[in-house]
Amino acid sequence: MSKKQIINIGIPVIAVIILLFAIWGPEQIARYQDRGVLNRITVKAVENESEGYRYSMNSNEKLYILSKCLNNQAQQESELSSMTRLESADVDYEELTGTYALVINRQEPSGKEITAEQIYEICDQELESLQKLGVLPQSVRAVSASAYNAELYSAIDVLEPRNNMVVWKVSLSTDVQNADKANRLIDAYIDADTGKIYEFYVRTEGKWADMQPDAIMEAWSGYLGLNGMEALEVTNPLSETTPYFEKYYFPGMGDARTMVTLGFYEGINELFLKIEN
């Protein structure tokens, strides 16, 4: 048999083999793969369904969301106090008014967040970190469960629920009459995931004239991992209830920015850092 005859016979045979494989091959491969998984128990780690709206935001985005929610908390809190981030999948967002809400979180932390038993110790550790960085004076005293209250809040972008975070608000208790507030933390908002302190009010022994606002803000922004800080030239000295303050901008989400004010109330010697829009 000549080489040409072999080729003429071989081509149709190969074509038939390819056609048969195209028809029955995928089915046979599938059966072979099924034997490897059928009648076997396979364990795979998955995220809890309640974390469906949990979206990883960077520090600038967290700062922006918290600032928007803090600005709207007076309007939203009474209406939405039962809503939490962990239950967000069951919330009818069309019934909500406003775009941002800071609401009391009625559930316990999810397991990834700082618990009520841990918050005071974490707060102390972060206060020490800020003292070492020169953000807070060394005279600020430690916090304790006996003198402070801690409440868990959810900060939520109602129109984009995946943009949310949980924060602890730690406040000096008002239960004790005439409590000594000297050198104490008065209020702070603390990231329930990282423990980082965003906003704070503290009584100090210092004076505004002895402070370096730009250096304090540089240290605080580095501590939080923020970027893009820009000092704002204040044109309206009456924008605050104290003449001692400086304002700064940070990139937020999209083209939006977050404004942060560092200031000092003379008389009560209270240093504050507040975030706003």
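Every value quoted in this text rests on a predicted model; they were computed, and no experiment measured them.
Using modelled atom types and a 3.5 Å distance limit, the side chains of Tyr198 and Asp191 yield a donor-acceptor pair. Counting only N and O atoms by type, the side chains of Glu266 and Thr242 include no donor and acceptor under 3.5 Å apart. One side chain, Asn183 or Glu205, offers a donor N or O that lies under 3.5 Å from an acceptor on the other. No hydrogens or angles considered: a donor-acceptor pair under 3.5 Å links the side chains of Asp187 and Ser171.
Looking at heavy atoms from C-beta onward, Met211 lies in side-chain contact with Leu271 at the 4.5 angstrom threshold. By the 4.5 Å heavy-atom criterion applied to side chains, Phe272 and Val202 are not counted as neighbours. Residues Met259 and Ser67 form no side-chain contact, since every pair of their non-hydrogen atoms from C-beta on lies 4.5 Å or further apart. Side-chain contact between Tyr100 and Ile65 is present, with heavy atoms from C-beta onward closer than 4.5 Å. The closest side-chain heavy-atom distance from Tyr153 to Val103 is not below 4.5 Å. Side chains of Thr258 and Asn60 form no contact here, defined as non-hydrogen atoms less than 4.5 Å apart. Side-chain contact between Leu185 and Cys123: present, with at least one pair of heavy atoms (C-beta onward) separated by less than 4.5 Å. Between Asn58 and Tyr64, every side-chain heavy-atom pair lies at or beyond the 4.5 Å cut-off.
Clustering ILVMFWY residues whenever any of their side-chain heavy atoms sit less than 4.5 angstrom apart, transitively, puts Leu262 in the very cluster that holds Ile268. At a threshold of 4.5 Å between side-chain heavy atoms, the hydrophobic network of Ile, Leu, Val, Met, Phe, Trp and Tyr places Phe250 and Leu133 in one connected group.
The distance from the CG atom of Asp210 to the CD atom of Gln212 is 9.5 Å, given to the nearest 0.5 Å. Atom NZ of Lys196 sits about 8.0 Å away from atom CG of Leu130, to the nearest 0.5 Å. Taken to the nearest 0.5 Å, the CE atom of Met165 stands 12.0 Å off from the CD1 atom of Ile156. One distance of note links CG of Asn149 with CD1 of Ile119; it measures 12.5 Å at 0.5 Å rounding. With values rounded to the nearest 0.5 angstrom, Leu273 atom CG is found 10.5 Å from Ile197 atom CD1. Of the inter-residue distances, the one linking Glu276 atom CD with Leu66 atom CG reads 12.0 Å to the nearest 0.5 angstrom.
Here Glu270 pairs with Arg203 in a salt bridge; the nearest charged N to carboxylate O distance falls below 4.0 Å. Lys274 and Glu240 are joined by a salt bridge, as a carboxylate oxygen and a charged side-chain nitrogen come within less than 4.0 angstrom of each other.
The 12-atom threshold is not exceeded at CG of Asp255, counting heavy atoms of other residues, nucleotides or ligands nearer than 6.0 Å.
Judged by distance alone, the side chain of Asn72 and the main-chain N or O of Cys69 form no donor-acceptor pair under 3.5 Å. Between the side chain of Ser154 and the backbone N or O of Asn105 there is no donor-acceptor pair closer than 3.5 Å. Using modelled atom types, no side-chain atom of Arg184 and backbone atom of Thr204 make a donor-acceptor pair closer than 3.5 Å. Side-chain N or O atoms of Asn164 include one that pairs as donor or acceptor with a backbone N or O of Arg162 at under 3.5 Å. Looking at Trp168, its side chain does come within 3.5 Å of a backbone N or O of Ile114 through a donor-acceptor pair. Formation of a donor-acceptor pair under 3.5 Å by the Glu199 side chain with backbone atoms of Ile275 is found in this model. For Glu113 (side chain) and Asp193 (main-chain N/O), no donor-acceptor pair under 3.5 Å exists by modelled atom type.
Not counting sequence neighbours, Glu128 has no partner by the salt bridge (Lys or Arg N to Asp or Glu O under 4.0 Å) test. Qualifying salt bridge (Lys or Arg N to Asp or Glu O under 4.0 Å) partners for Glu230, counting only residues two or more places apart in sequence or in other chains: Arg257.
For the side-chain hydrogen bond (donor to acceptor under 3.5 Å, both in side chains) condition, the pairs that include at least one residue of residues 213-225, sequence neighbours left out, are Glu126-Tyr223, Asp214-Tyr248.
The aromatic rings of Phe264 and Tyr244 lie perpendicular to each other, with more than 60° between the two planes, well past the 30° mark.
Closest heavy-atom contact between Phe245 and Ser239: CZ-OG, 3.6 Å. Between Glu61 and Met57, the closest heavy-atom pair is OE1-CA, 3.3 Å. What you find for Gly195 and Ile122 is that their closest heavy atoms are CA-CG2, 3.8 Å.
Checking each of Val170, Leu127, Val135, Ile186 against Phe200 for a side-chain contact (heavy atoms from CB on, under 4.5 Å) leaves exactly one that passes, namely Val135.
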Exercise for review: Could you walk me through whether Tyr249 and Val260 pass the side-chain contact (heavy atoms from CB on, under 4.5 Å) test, one step at a time?
Suggested key: CA-CA 6 Å; Tyr249 274 131; Val260 177; over 6 Å; no
Inset, instruction - Could you walk me through whether Met217 and Glu246 pass side-chain contact (heavy atoms from CB on, under 4.5 Å), step by step? - result: CA-CA 10 Å; Met217 287 300 300; Glu246 296 289 345; over 6 Å; no
